[in-house]
Student: 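My questions will all concern the structure given below.
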Amino acid sequence: MNEKKEVLPLRKSYWSIFAISTYNTDYLLVKSDTLEQTLQILSEHGHSVI
């Protein structure tokens, strides 16, 4: 399975993730109760969140 590098840090969390990839950008949708933890994990791994 070819996973996006954005998803790899979240693999061990076992949270539901919905990934959308477009020509211009990629989106990760997560449940609201895991949002803060998701933002922290992604920023720790060098990803920017807007």
Student: Would I20 and D26 count as a side-chain contact (heavy atoms from CB on, under 4.5 Å) if you check the C-alpha gap in whole Å, the side-chain angles of each, and the deciding distance to 0.1 Å?
Tutor: CA-CA 6 Å; I20 301 171; D26 298 318; over 6 Å; no
Student: What distance separates I17 CD1 from T38 OG1, expressed to the nearest 0.5 Å?
Tutor: 7.0 Å
Student: Is V30 close to F18 at the side-chain level, that is, under 4.5 Å between some pair of heavy atoms?
Tutor: no
Student: Can you see whether E44 engages Q40 through a side-chain donor-acceptor pair at a distance of less than 3.5 angstrom?
Tutor: yes
Student: Taking atom OG1 of T34 and atom CD of E36, what is their separation to the nearest 0.5 Å?
Tutor: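 It comes to 10.0 Å.
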